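Just below is one structure, and these are the notes that go with it.
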Amino acid sequence: MHVEFLGVPRQRAGISQLEVQADTLGQLLGTLAAKIPPLGEFIAVDRLHSSLVANLNGDQFISDPETPLAAADCVLILSADAGG
Amino acid sequence: MAFGYHGSYLRIDVSSGTSEYVPLSDAVLRQYLGGSGLGVKLLLDEGAAIMDPLSPEAPLIFAFSPLVGSPLTTSAKFAVVSKSPLTGRINDSLASSGFAIAGKRCGCDAIVIVGRAPELSVLVIDDRSVRLESAEEYRGATCQATESALKAHLGANYRVASIGPAGENLVRYATISHDGRHAGRGGSGAVLGSKNIKAIALRGTQRAEWANPGELTTISKSLSKRSFGPATAKYRELGTATNLLTFNRFGALPTRNFQSGTFDEAASLSPEQLSTTRSKTRESCVSCTIGCEHIYSLGSGGVRVEYESLFALGSLCGVGDSDAVLRASKRCDELGLDTISTGGTIAFAMECVERGWLREPWLKFGDGNALLRAIDLIGSRQGIGNLLADGSRRAAHAIGHGSIDFAPQVKGLEIPGYEPRALQTMALGFAVGARGADHNRSGAYEVDFSDKVDRRNLTLDAVRHAIDTEDKAALMDSMIICKFLRGVFDDFHAESAEMLRSVTGWDVTAEELRATARRIVAAKRQFNLLAGWTLAEDTLPKRFLSTPLPNDPEASLSRELLDSLVNEYHRQRGW
């Protein structure tokens, strides 16, 4: 699936997007932590630190590691604090 | 008297130059804490709800808090509280600076200013001594020039809060500035200007004791350590401006007076792009370990860049030229203008021009020079600026043609950078906000950016979340600590109770603080009721309730849904 980073995750990852294979959100986060070590501070095994959130296809925010993902999905990783 | 307080407020009548310290009971301090809470309580006691906010008798209150002066990170803040000349409702603006610490060292928990000085004056408070000095030589000076000149004149150990030309000219969304920060929303600068006070300069030596300094030090160290962690990384690394690309990605970036939720030129205004072409430094408020201020180079100087300024002066006005937007932001800081209301009112005027309802053909979406010209006209109340200086609601009533339907305001306060149709919990927060459309008194956008709700298809379940964020904000604004710390707490109410216990010695609990927050929110509502509030005000402009977002048809909010959310909000509040 397609993964897009916004804000601090993008800054830390040094890229804005990449393609990853995973069946669940937990798998995806585990893969990201392994592939992009600077994101490790924000990922505890299969969950995001509370300062980040994940969004599925621009619609639904997801947090359950068992959330199923499909190959055509786009997962956005962004800061939870939207405030200005 | 409780630790952490002086147990009195300083009431100054600038008409006569007289002042007195008025006792504050422990009961009142415990019930309203400080900051916004104490300010609203004092405002109610002064009978301000039924006064013209720009009349001499209307009070303007600077309220400190028990935590001010403590080693707790981000605690050097104060609230400016008055009836708003923009909305006619309660207004409380918070800001951080050494002014908070110096003000409390004058031996008071709040400063209440009434009256009107016979000439433009500086109010000087030297410990417990109060005097007025002529400010004629500073007339027309920018906030920054006034502050520098007064420090040179009085001494560098004075802390200064001042108004710019906008405050002198009673622009209804003028700010009060200090240390480069602003008490920004709702027009407190106009209230100070109406009192003929150009600036307040103060210094003091009196310290409030803490109940348990050892415990306070331990808590402070823990909080500071956590403030360096991932929960505040966004503010340290990119600043609030990073919202721009995120909101654009979600179709929630207000553009061209809320006619769209995406802006083609958003990338050019983003901090990610700005930092590739400009040098950048980072600064912190006094007593803050986060350091959210990102200063970008502009000409030979620099400008503080925040999301709300970028959105309001950028995408909302259709301006993608970063140089123009940064210049506009800096100009607002100099004149002492709230960037959100400035951008919102200008964007509204641009749409009126586009529709042929306002004969100012130069005032076009996307034109950076027009934006800068309009800002100067507003600050000086010249030409079209005189109309726009009263805000979008009053301008709409003067322009007619039903333009009130798209004037971007709630209760007269211009809407901040959150598209209500795409972020519907925030839409509720805007509608019911006591001071109008407000992202600082309701953090409901956090709920929209979570798995608690479907942000574009809200149910009544969202109401309790919106209430929680409003109560939490009321507590943070009254203790006072910065909202950018909110992510570091495991249990916000329990940890807040610990902080207050160590400072005040009270046996305060998390449950008591939840009740305190509700009491403060209710006090704001009481003020508004006395000022003439009706349920019809708790709504959004027609544009948001009749037209889906063009770029996102799912982002649609009906009047029926908003009304049901508002009614449920009032039911759950018990009002």
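Keep in mind that what you see is a predicted model, and the values were worked out from it rather than measured. Residue numbering restarts at 1 for every chain, and letters A, B, ... go by the order of the sequence lines.
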| task | List the steps and the verdict of side-chain contact (heavy atoms from CB on, under 4.5 Å) for B:Leu245 and A:Arg10. | result | CA-CA 11 Å; B:Leu245 288 183; A:Arg10 179 183 292 192; 4.0 Å; yes
Segment of [X] engaging chain B (4.5 angstrom heavy-atom cut-off):
| X | value |
| --- | --- |
| A:Leu76 | side chain |
| A:Asp64 | neither |
| A:Gln60 | neither |

| query | Would you say A:Glu19 has more than 12 foreign heavy atoms packed within less than 6.0 Å of its CD? | reply | yes
| query | For B:Lys280, does the NZ atom sit with more than 12 other heavy atoms under 6.0 Å from it, leaving out its own atoms? | reply |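 Counting other residues, nucleotides and ligands, NZ of B:Lys280 exceeds 12 neighbours.
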| Which pair of non-hydrogen atoms, one from A:Phe61 and one from B:Asp451, has the smallest distance, and what is that distance? | O-CB, 3.1 Å
| field | Where B:Pro230 and A:His49 come nearest, the two heavy atoms and their spacing | value | CG-NE2, 3.4 Å
| All pairs passing side chain to side chain donor-acceptor pair (under 3.5 Å) where residues 31-43 of chain A contributes a residue, at least two apart |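 Found A:Arg12-A:Glu41.
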Rounded to the nearest 0.5 Å, what separation is found between the [atom1] atom of [X] and the [atom2] atom of [Y]?
| X | Y | atom1 | atom2 | result |
| --- | --- | --- | --- | --- |
| B:Arg249 | A:Leu78 | CZ | CG | 10.0 Å |
| B:Lys234 | A:Leu6 | NZ | CG | 11.5 Å |
| B:Ser450 | A:Ile62 | OG | CD1 | 13.0 Å |

| Top residue by heavy-atom pair count (under 4.5 Å) with chain A, among B:Gly487, B:Ala233, B:Gly239? | B:Ala233
| message | I'd like to know which of B:Thr232, B:Leu238, B:Thr242 tops the heavy-atom pair count under 4.5 Å against chain A. | response |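 That would be B:Leu238.
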Under 4.5 Å heavy-atom distance to chain A, tell me which part of [X] shows up: side chain, backbone, both or neither.
| X | result |
| --- | --- |
| B:Thr246 | both |
| B:Glu237 | both |
| B:Asp448 | backbone |

| So do the side chains of A:Val8 and B:Arg236 get within less than 4.5 Å of each other, counting heavy atoms only? | no
